[in-house]
Amino acid sequence: MGTERATRILDAAAELIARYGYAKTSVSDIAQRAGIAKGAIYQEFPSKEAVVAALVERQVHQLTATVARAVRDDPDGARLSVIYRHALRALAADPLMRAFYTADSQILGDIVRRRGPERYGPRQRLVVDFVSRMQDAGLIRTDLDAAAVAHVLGIISLGLITIESTVGSAVSPPLEKTLDALSTLLAEGFEAGPDADRAAGQRAFDTFLADLAATARPGTLQ
């Protein structure tokens, strides 16, 4: 994304914002961590908020690329349980994406503070469309309402990345054991029979990732 200097700025911003949050991270802090003059940041980005918007866009693209590779490399193919195992594992490992997904303004500031519930409608509609395409491919049960399935998937995703703040890490099982349980739940509860079009499932997933990445472009974050 952009110049080598812009990459250094975003790397520094990612580290500082994940650790201290948006409000406690200044442009001077980012410049110092990146090893450049403060004025050089404004040659790449007009404001701190623009840095964060570009950072969110980059992180979304990195996350979707990571998940796409993992799904393509998985011998079980683009099944719902496989997709969500890889997606939730990647989401759990990225504090900035967890903050973006949960609209954590303490971490990401005004970028998500302005994104009230009504701004998440388009993203949820993408999930509904994805579920519908997976049903057309024979990969998700067609007797289930697509919007209801999408809503349950959102509950699962949000619950996974917020539950530690409620119950604490001491009583939380290892992530992989949790993913095992969730994968089994999705496979047995939502997936259809063996006569599924795996290639169509992969296309549905690729379309969803491309549409999701488009929602993180700076112009859509305002």
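- Nearest heavy-atom pair, Ser28 versus Lys38, reported as atom, atom and distance to 0.1 Å: OG-CD, 3.4 Å.
- The CG atom of Asp11 lies 11.0 Å from the CG atom of Leu16; values are rounded to the nearest 0.5 Å.
- The shortest non-hydrogen separation linking Ala78 to Leu139 is O-CD1, 3.8 Å.
- Formation of a donor-acceptor pair under 3.5 Å by the Arg198 side chain with backbone atoms of Asp76 is found in this model.
- Here side chain to side chain donor-acceptor pair (under 3.5 Å) pairs that include residues 181-193, with residues two or more places apart or in two chains, are Arg79-Glu191, Ser81-Glu191, Arg85-Ser183.
- For the pair Phe45 and Leu55, the minimum side-chain heavy-atom distance is 4.5 Å or more.
- A side-chain donor-acceptor contact under 3.5 Å links Arg89 and His86.
- Looking only at side-chain heavy atoms (C-beta outward), Val71 and Phe205 come within less than 4.5 Å of each other.
- The two residues Ala31 and Ile41 have their closest heavy-atom pair at N-CD1, 3.5 Å.
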Hey, can you pull the donor-acceptor pairs under 3.5 Å for the side chains in residues 126-138, sequence neighbours left out?
{"residue": "Ser132", "atom": "OG", "partner": "Val128", "partner atom": "O", "Å": "3.1"}
{"residue": "Gln135", "atom": "NE2", "partner": "Arg141", "partner atom": "O", "Å": "3.0"}
{"residue": "Gln135", "atom": "NE2", "partner": "Leu144", "partner atom": "O", "Å": "2.8"}

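- Clustering ILVMFWY residues whenever any of their side-chain heavy atoms sit less than 4.5 angstrom apart, transitively, puts Leu182 in the very cluster that holds Leu153.
- Once rounded to the nearest 0.5 Å, the distance linking CZ of Arg69 with CZ of Arg72 reads 9.5 Å.
- For the atom pair CG of Leu91 and CD1 of Ile161, the computed distance is 4.5 Å after rounding to the nearest 0.5 Å.
- Of all heavy-atom pairs spanning Lys48 and Tyr22, the tightest one is NZ-O, 2.9 Å.
- Here the shortest heavy-atom pairing between Val67 and Ala87 reads CG2-CA, 3.8 Å.
- For the pair Glu44 and Thr7, the minimum side-chain heavy-atom distance is 4.5 Å or more.
- Linking Ile, Leu, Val, Met, Phe, Trp and Tyr whenever their side-chain heavy atoms come within less than 4.5 Å puts Val52 and Ile36 in one cluster.
- For the atom pair Leu10 CG and Arg58 CZ, the distance stands at 5.0 Å (nearest 0.5 Å).
- A continuous path of ILVMFWY side-chain contacts below 4.5 Å connects Ile156 to Ile83, so both sit in one hydrophobic cluster.
- You'll find the side chain of Phe190 reaches within 4.5 Å of the side chain of Val152, heavy atoms only.
- Interatomic distance, Arg19 CZ to Asp29 CG, rounded to the nearest 0.5 Å: 11.5 Å.
- Interatomic distance, Leu209 CG to Thr66 OG1, rounded to the nearest 0.5 Å: 10.5 Å.
- Residues Thr178 and Pro173 share a closest heavy-atom pair of OG1-CG, 3.4 Å.
- By the 4.5 Å heavy-atom criterion applied to side chains, Ile30 and Thr25 are counted as neighbours.
- Residues Val82 and Leu175 do not share a hydrophobic cluster, defined by chaining ILVMFWY side chains whose heavy atoms lie under 4.5 Å apart.
- Residues Asp206 and Arg203 fail the side-chain proximity criterion, which asks for heavy atoms closer than 4.5 Å.
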